[in-house]
Structures are given as C-alpha cells and as structure tokens.
Participant: 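Have a look at this one.
Keep in mind it's a predicted model, so treat the numbers as computed, not measured.
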Amino acid sequence: MRRYKCIISYDGTMFSGFQIQPQARTVQGELKKALKKIHKNEIIQVYGSGRTDATVHAVGQVIHFDTPLNIPAEKWGRALSANLPNDIVVHEVAEVDADFHARFHVIRKEYRYRVLSREVPDVFRRNYTYHFPQELNVQKMKEAAQVLLGTHDFTSFCSAGSPVVDKVRTIYELDIIKQDDELIISIIGNGFLYNMVRIIVGTLLEVGTGKREVHEMNDLILAKDRTAAGKTAPGHGLYLWKVDYQ
C-alpha cells in the first residue's frame, strides 16, 4: 500500500460540508466516489485535515488516502481531476510515509474570512463574502483582535453543542486587512473549535459597529460562556486557507 497526501481546493457553495453524510453532497463523498471509480469499485477511505461546514470554502485543504495501485504521484492529480466535479480541484499530490495523517499531524492552520463592507450587495460575490452593510471601525476591531492572541480557553467562542472537552487553543496571528471594499480577517492557530472562527468574526463585527467595546474581549474569554460572545458569522464567507505540518 502507498499513502498519498493531496492539497485540494473547493467551492463550498453546493456542499453540505466536508464530512460524508447520508443523503447529502459532501467533499469527502465526492472524493470517495472518484477513488472508487479509479480503483474499479473498491472503496478507498479519505481523511481530511479537518471538517468544514456547509457553504464553507477551502483553498488549501489537505487529505490523504492509501492505495494498492502503482500510480506515480505526478499522475494522481490528473486521474482524480478526471473523476471529480468541477467545484473540487486537486493542486498537489505527494507520496508520504505510511504514518503520516492529514488530521493528527497538523501543527497549525490558517483560516480567512471575507466581509463585503459596503452598502450595496454584489451579486457575483454573494456566495463568497458576507455582505455587511453597516459602517465598521476597523481600528477598534484590530485592537479587539489582539486580545485573542496567545493561549486561552476559547469556550466562549465554541458552539455550545461541541462534544470537545479541552477548549484550550493558541492563536498565533489575527490580522484584519482592508482590500478595496472587503475586510479580510486572517486567523492562524494550532487548532480551532467548532465554529470558533465564525464566532470570533461575529464578535469582532460587533466591536466594529460599537455594540461591544474592546475592553470586553478579555471578559469574554474569562466567561467561558458561548452566550457571552457575538453571533456566528455565516459559513459562505469562510475559507480554510492553509494547513501546515511538521
């Protein structure tokens, strides 16, 4: 058996998320279908660096799979692409050691969130940005973002239904960049809880509109209470940007 690591992108608009689900179109499901065709009806398991929710996009998602086929790494991209829908693209394929795991060996991830910060919506970006027509104080958002840097218990920024017990995570970088009529919120950390990035974005937007003050951010962390933080921003503005391994 050989193990291959792939870097893929996908447009999340028409997917119910990454993880395979019954009666739903998923990224993992489409990858398994493609591999099943290539392997003449044999089921091949696909493992991702993490799950993305419905409508969430990926620029640099990482997966791995094992195969008995003797196909060189440089030909796997073409083989997969020929059997995948056009909203999934394979960028790189490399053979890796048998003990490599796309999920368990992650050391950091970067997510980016795109906010369309203008009064009028954009029909061509409606599935790829969160239209937010209210005026934003970007400087205050940046100040609030700095409070979240470092290692904290992020219970307040995790979906209440998450079964994860240990909610301590480290955020290395949290940048807010203005690009024309968009705000790009980039978050790099060693791992993320369920809906963590989207809750952080929703909370920072409340700071930007004046509904919440910068000094409240530390209190939110200490509260360890999901109801204390802001709303969860919608999925279609979120991108899994990059996954790093040791």
Participant: Would Met196 and Ile171 count as a side-chain contact (heavy atoms from CB on, under 4.5 Å) if you check the C-alpha gap in whole Å, the side-chain angles of each, and the deciding distance to 0.1 Å?
Facilitator: CA-CA 11 Å; Met196 179 173 160; Ile171 294 181; 4.0 Å; yes
Participant: Less than 4.5 Å apart, side chain to side chain, heavy atoms only: is that true for His105 and Gln246?
Facilitator: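 Result no, sub-4.5 Å side-chain heavy-atom pair not found.
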Participant: Apply the test side-chain contact (heavy atoms from CB on, under 4.5 Å) to residues Leu116 and Tyr128: give CA-CA distance (whole Å), side-chain angles for both, the deciding distance (0.1 Å), then the verdict.
Facilitator: CA-CA 9 Å; Leu116 181 60; Tyr128 308 104; over 6 Å; no
Participant: Are any of the side-chain heavy atoms of Arg226 and Asn195 separated by less than 4.5 Å?
Facilitator: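 Counting from C-beta outward, Arg226 and Asn195 never come under 4.5 Å.
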Participant: Trp241 versus Ile188: any side-chain heavy-atom pair under 4.5 Å?
Facilitator: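 Side-chain contact under 4.5 Å: no.
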Participant: Once you round to the nearest 0.5 Å, how far does NZ of Lys37 lie from CD1 of Ile44?
Facilitator: 15.0 Å
Participant: Taking Thr129's backbone N and O only, do any of them form a donor-acceptor pair with Arg126's side chain (distance below 3.5 Å, no angle check)?
Facilitator: no
Participant: I need the single residue from Asp87, Val59, Val56, Thr52 that forms a side chain to side chain contact (heavy atoms under 4.5 Å, CB included) with Tyr10. Which is it?
Facilitator: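 That would be Thr52.
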Participant: Give the cluster check for Ile8 versus Leu84: same hydrophobic cluster or not, with ILVMFWY residues linked at side-chain heavy-atom distances below 4.5 Å.
Facilitator: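 Yes, Ile8 and Leu84 fall within the same hydrophobic cluster.
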Participant: Report yes or no: does His152 contribute a side-chain atom to a donor-acceptor pair with the main-chain N or O of Phe154 at less than 3.5 Å?
Facilitator: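 Not at all, since once roles are kept as given, no pair shorter than 3.5 Å links the two residues.
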Participant: Transitively linked via ILVMFWY side-chain contacts under 4.5 Å: Met217 with Phe192?
Facilitator: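 Yes.
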Participant: Got a donor-acceptor contact below 3.5 angstrom from the Lys178 side chain to the Val138 backbone?
Facilitator: no
Participant: Which distance, rounded to the nearest 0.5 Å, do you find between the CZ of Arg169 and the CG of Leu193?
Facilitator: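 Between Arg169 CZ and Leu193 CG, I get 4.5 Å after rounding to 0.5 Å.
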Participant: Would you indicate whether Glu135, at its atom CD, is surrounded by more than 12 heavy atoms from other residues, nucleotides or ligands within a distance under 6.0 Å?
Facilitator: no
Participant: Give a yes or no on whether the backbone of Ser16 and the side-chain of Gln21 come within a donor-acceptor separation of less than 3.5 Å.
Facilitator: yes
Participant: For His64 and Ala102, which heavy atoms make the closest approach, and how far apart are they?
Facilitator: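 Smallest heavy-atom distance, with atoms named: ND1-N, 3.1 Å.
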Participant: So, taking the atom named CD1 in Ile185 and the one named CG in Leu238, what distance separates them when rounded to the nearest 0.5 Å?
Facilitator: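 It comes to 10.5 Å.
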Participant: Side chains of Ile176 and Leu183: does their closest heavy-atom pair fall under 4.5 Å?
Facilitator: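 In contact.
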Participant: Test your reading of the model: is there a side-chain donor-acceptor pair from His131 to the backbone of Arg118, 3.5 Å cut-off?
Facilitator: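 Yes; at least one donor-acceptor contact below 3.5 Å.
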Participant: Against the six-membered ring of Phe18, is Arg51 placed for a cation-pi contact (under 6.0 Å from the centre, within 45° of the normal)?
Facilitator: no
Participant: Let me check something: do Tyr172 and Leu148 share a hydrophobic cluster, defined by ILVMFWY side-chain heavy atoms less than 4.5 Å apart, either directly or through other members?
Facilitator: no
Participant: Using atom types as modelled and distance alone, determine if a side-chain donor or acceptor of Asp166 lies under 3.5 Å from a backbone N or O of Val168.
Facilitator: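 The answer is yes, because a donor-acceptor pair under 3.5 Å joins these two groups.
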Participant: Just do the side-chain contact (heavy atoms from CB on, under 4.5 Å) check on Thr209 and Leu136 with the steps written out, would you?
Facilitator: CA-CA 5 Å; Thr209 58; Leu136 292 168; 3.7 Å; yes
Participant: Where is the tightest heavy-atom contact between Ala233 and Val201, given as atom of each residue plus distance?
Facilitator: CB-CG1, 3.9 Å
Participant: Can you tell me how far the CG atom of Leu220 sits from the NE2 atom of His215, to the nearest 0.5 Å?
Facilitator: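 It is 10.5 Å, given to the nearest 0.5 Å.
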Participant: Charged N to carboxylate O below 4.0 Å: is that the case for Glu110 and Lys242?
Facilitator: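 A salt bridge is absent here (no side-chain N lies under 4.0 Å from a carboxylate O).
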Participant: Strictly below 4.0 Å, N to O, side chains only: are Asp66 and Arg3 in salt-bridge contact?
Facilitator: yes
Participant: May I ask you to decide whether Glu143 forms a salt bridge with Lys140, counting only side-chain N to carboxylate O separations under 4.0 Å?
Facilitator: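 Result for this pair is no, no salt bridge flagged.
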Participant: Considering only heavy atoms from C-beta outward, does the side chain of Asn83 approach that of Lys33 to under 4.5 Å?
Facilitator: no
Participant: Is there a path of hydrophobic side-chain contacts, each under 4.5 Å between heavy atoms of I/L/V/M/F/W/Y residues, joining Val197 to Phe132?
Facilitator: yes
Participant: Which atom pair, heavy atoms only, marks the closest approach of Glu216 to Glu213?
Facilitator: OE2-N, 2.9 Å
Participant: Checking ring pair (Phe, Tyr, Trp, His ring centres under 6.0 Å) against Phe100, which of Phe65, Tyr4, Tyr47, Tyr245 comes through?
Facilitator: Tyr245
Participant: Take Ile187 and Ile200, measure what side-chain contact (heavy atoms from CB on, under 4.5 Å) needs, and give me the verdict at the end.
Facilitator: CA-CA 10 Å; Ile187 305 181; Ile200 287 174; 4.0 Å; yes
Participant: Could you pull out the closest heavy-atom pair between Asp225 and Ser156, with the gap in Å?
Facilitator: N-OG, 2.8 Å
Participant: Keeping Gln61 on the side-chain end and Gly50 on the backbone end, is there a donor-acceptor pair under 3.5 Å?
Facilitator: yes
Participant: Any side-chain heavy atom of Leu35 sitting closer than 4.5 Å to one from Ile43?
Facilitator: no
Participant: Any chance you could measure Tyr239, atom OH, to Arg112, atom CZ, to the nearest 0.5 Å?
Facilitator: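 These two atoms lie 11.5 Å from each other.
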Participant: Give a yes or no on whether Asp180 atom CG has more than 12 heavy-atom contacts from other residues, nucleotides or ligands under 6.0 Å away.
Facilitator: no
Participant: Indicate yes or no: at least one non-hydrogen side-chain atom of Thr232 is less than 4.5 angstrom from one of Ile199.
Facilitator: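 A side-chain contact under 4.5 Å exists here.
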Participant: So, does Gln19 use its side chain to make a donor-acceptor pair with the main chain of Gln28 at under 3.5 Å?
Facilitator: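 Absent.
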Participant: Ignoring hydrogens, what is the shortest heavy-atom contact between Lys167 and Thr155? Give both atom names and the distance.
Facilitator: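 So the two residues come closest at CD-OG1, 3.3 Å.
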Participant: With a 4.5 Å heavy-atom cut-off, do Leu80 and Cys6 have their side chains touching?
Facilitator: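 Heavy-atom side-chain distance check passes, below 4.5 Å.
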Participant: Are Ile177 and Tyr113 connected, step by step, through hydrophobic side chains (Ile, Leu, Val, Met, Phe, Trp, Tyr) whose heavy atoms are closer than 4.5 Å?
Facilitator: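 Looking at the clustering, Tyr113 is in a separate group from Ile177.
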Participant: Rounded at 0.5 Å granularity, tell me how far NZ in Lys32 sits from OG1 in Thr26.
Facilitator: 9.0 Å
Participant: Taking all atoms of both residues into account, what is the closest heavy-atom pair of Pro68 and Glu42, and its distance?
Facilitator: CG-OE1, 4.2 Å
Participant: Under 3.5 Å, is there a donor-acceptor pair between the side chain of His91 and the main chain of Ile7?
Facilitator: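 Not confirmed, His91 side chain does not pair with Ile7 backbone.
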Participant: With distance as the sole test, does His57 use its side chain to make a donor-acceptor pair with the main-chain N or O of Asp11 at under 3.5 Å?
Facilitator: no
